[in-house]
Amino acid sequence: MVRVRFAPSPTGPLHIGGVRTALFNYLFAKRNGGKMILRIEDTDQTRFVEGAEEYIMESLEWCGIKFDEGIKEGGNYGPYRQSDRREIYNKYAKILIENQSVYMAFDSPEELDKLRSEAEAKGETFVYNHESRKNLKNSLALSKEQVAELLENKTPYVLRFKMPENQLVELYDEIRGEIKFNTQELDDKVLVKTDGLPTYHLANIVDDHLMEITHVIRGEEWLPSLPLHDLLYRAFGWTAPKFAHLPLILKPSGKGKLSKRDGDQLGFPVFPTQWDSGEEIFKGYREEGYFPEAFINMLALLGWNPGTEQEIFSMDELIQVFSLDRVGKSGSRFDPDKTKWFNHQYLIKKSGEELAEEFKVILDEKNINYSGFPLARICEMLKERVNFIHELWEESYFFFQAPETYDEKFLKKSYKEDSTQLLQKLIEILKNQQNFSSEEIENSVKTWIESAEIGFGRVMSPFRLALVGAGKGPHVFDIVEIIGKDESIRRISALIEFVDGK
RNA sequence: GGUCCAUUCGUCUAGGGGUUAGGACGUCAGGUUUUCAUCCUGGUAACAGGGGUUCGAUUCCCCUAUGGACUGCCA
């Protein structure tokens, strides 16, 4: 049984890189009939952020990523919050002490900071490793008596991993293939902090083992800790799960991995849903008007591809075709334009009725009275022209309200000397029109234009101007039908008056 | 600095010892729409560089360059 986990730390909102990691885990699990687990990694109490845990669960739910086990869902492998698993880690830390895979280090953070800055001043980097540990305050370098004394005085200490010397570790990544490390280059990572809580490294190995995780799918930033993790499994005598390290998501412009503030600077959201930090509000895809399906579709194709030319995938379709061996190795820059295109694709797939339901919310906010208007028909008519539902207003306002101003350029271009006269004639025709359907009105008007040999543009352009106030919008006669005879005539008269008064 | 990872059109990517190096977004041009948008057609544009291996490398190997990640009692 495939079991994967998404293991965020609740230090703030989840950005799209994290969402993609969750998505790939989810797709992989579902593709293989496995389980998807949410584990909250909150071993760092100093970075706790109120509301982050709820944010993570809620935003993933919006995305359509569901968990089989987690703090909300429950499950047989809990608790699913690391801060609720302290005793478990203590137990496993003891095993490492007993088999001498770790040692006690009494160096204070201040002492280590000092060593780091001293090294930096010399253009070097301080590393706590097999070399330097011989001269530091730890149970390896100190005598038994000294250690006993430090313990007697209740000197705080951490547990560090005793990295083996000069050992070649050959590892396999499901995406990248073989990766080799020499332990010589690795440092002695802290596994248990002075507060008694484990660091990520220990907690993650213990939990993945206990939760019977079969595949660890995580961001590329974890690749450098892979050898440590593998060595930890060996120290426990456990079999390691399979690993897959996903390529990073880069900023759209410039270099570097996408970060929290890039959105505001570059004008697109970085988070699935809005996040209010108390001081600042970060935009979300949901609030900007993106459909979750479009957002997920875009994310799925960032770093993965199906090997075919299909681009539009529902979540179910993604589950059917997803595989890790089609995940790329190089980081991908995020493209906001393409994300909009995806949204457009999903928007035009929706029916007029569906769109109308959502459009109503926007009309209500604007206090627009739309009763009597065929909203579904209007949405259907205009959906090709927009990327977002909220943009529908900009394309349809003239249905609900008469133009208050006229586009200067279009007025100049379309309103000629005889326009007033032609519009007056047009009013006559509309008045006499019995069947007021788009098609019938068009018939009548065309018959007149043709028989009078006027030329379509000379009538249609001012006509559109009168109805819309600008040179845009759908078929003129559709507008006429929808707003009705009286309103159409009123608008034409208004335009004539406007020009007369000029 | 050190370790590790990566490198195909502007961007996301397909491909893989012999291809006109394919698609999508963007962009540009034409056509349709007597408006605008859509849509259609077409164009633009890429194998980072240098060495090998080979009859032949964009593809395999090495080096260089560039970019990135990591280098915390963070995850």
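What you see is a predicted model, and the numbers here were worked out from it, not measured in a lab. Chain identifiers are assigned alphabetically (A, B, ...) following the order of the sequence lines, protein sequences preceding nucleic acid strands; residue numbering begins at 1 within each chain.
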Would you classify [X] as touching base, sugar-phosphate or nothing, given that sugar-phosphate means primed atoms plus P, OP1 and OP2, and contacts are heavy atoms under 4.0 Å?
{"X": "A:Pro227", "answer": "nothing"}
{"X": "A:Gly328", "answer": "nothing"}
{"X": "A:Ser108", "answer": "base"}
{"X": "A:Gly473", "answer": "base"}
{"X": "A:Lys180", "answer": "sugar-phosphate"}
{"X": "A:Asp188", "answer": "nothing"}
{"X": "A:Ser461", "answer": "nothing"}

* To do: Mark yes or no for a side-chain to base donor-acceptor pair under 3.5 Å between A:Arg464 and B:U35, with no hydrogen or angle criteria applied.
  =>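 It does, because a donor-acceptor pair links the side chain of A:Arg464 to the base of B:U35 below 3.5 Å.
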* Donor-acceptor pair (no angle test) under 3.5 Å: A:Ser332 side chain, B:C12 base ->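 Checked by distance alone, the answer is no.
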* To do: Determine the sole option in A:Lys242, A:Arg218, A:Arg39 for which the salt bridge (charged side-chain N to carboxylate O under 4.0 Å, His left out) test with A:Asp208 is passed.
  =>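 Filter result, single survivor: A:Arg39.
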* Hey, which sits more toward the 5' end of RNA chain B by its nearest nucleotide, A:Phe410 or A:Phe181? =>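 Nearest-nucleotide comparison on RNA chain B picks A:Phe181.
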* **Residue whose nearest RNA chain B nucleotide is more 5′ - A:Arg47 or A:Asp187** =>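 On the 5' side of the pair lies A:Asp187.
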* Asked: Which whole-number value in Å describes the distance from A:Asp42 CG to B:C73 P?
  ->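 Roughly 19 Å, once rounded to whole Å.
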* Asked: Under 4.0 Å between a side-chain N or O of A:Thr339 and OP1 or OP2 of B:C25?
  ->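 Negative; the distance criterion is not met.
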* **Donor on one side chain, acceptor on other, A:Tyr89 and A:Asp207, under 3.5 Å** =>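 Yes - a donor-acceptor pair under 3.5 Å links their side chains.
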* List for me each residue that meets side-chain contact (heavy atoms from CB on, under 4.5 Å) alongside A:Lys114, sequence neighbours excluded, and say none if there are none. =>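 For A:Lys114, the residues satisfying side-chain contact (heavy atoms from CB on, under 4.5 Å) (neighbours in sequence not counted) are A:Glu118.
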* To do: Look through every strand shown and name the nucleotide pairing with B:U27 as Watson-Crick or G-U wobble, where both distances are under 3.5 Å.
  =>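 The answer is B:G43, by the H-bond criterion.
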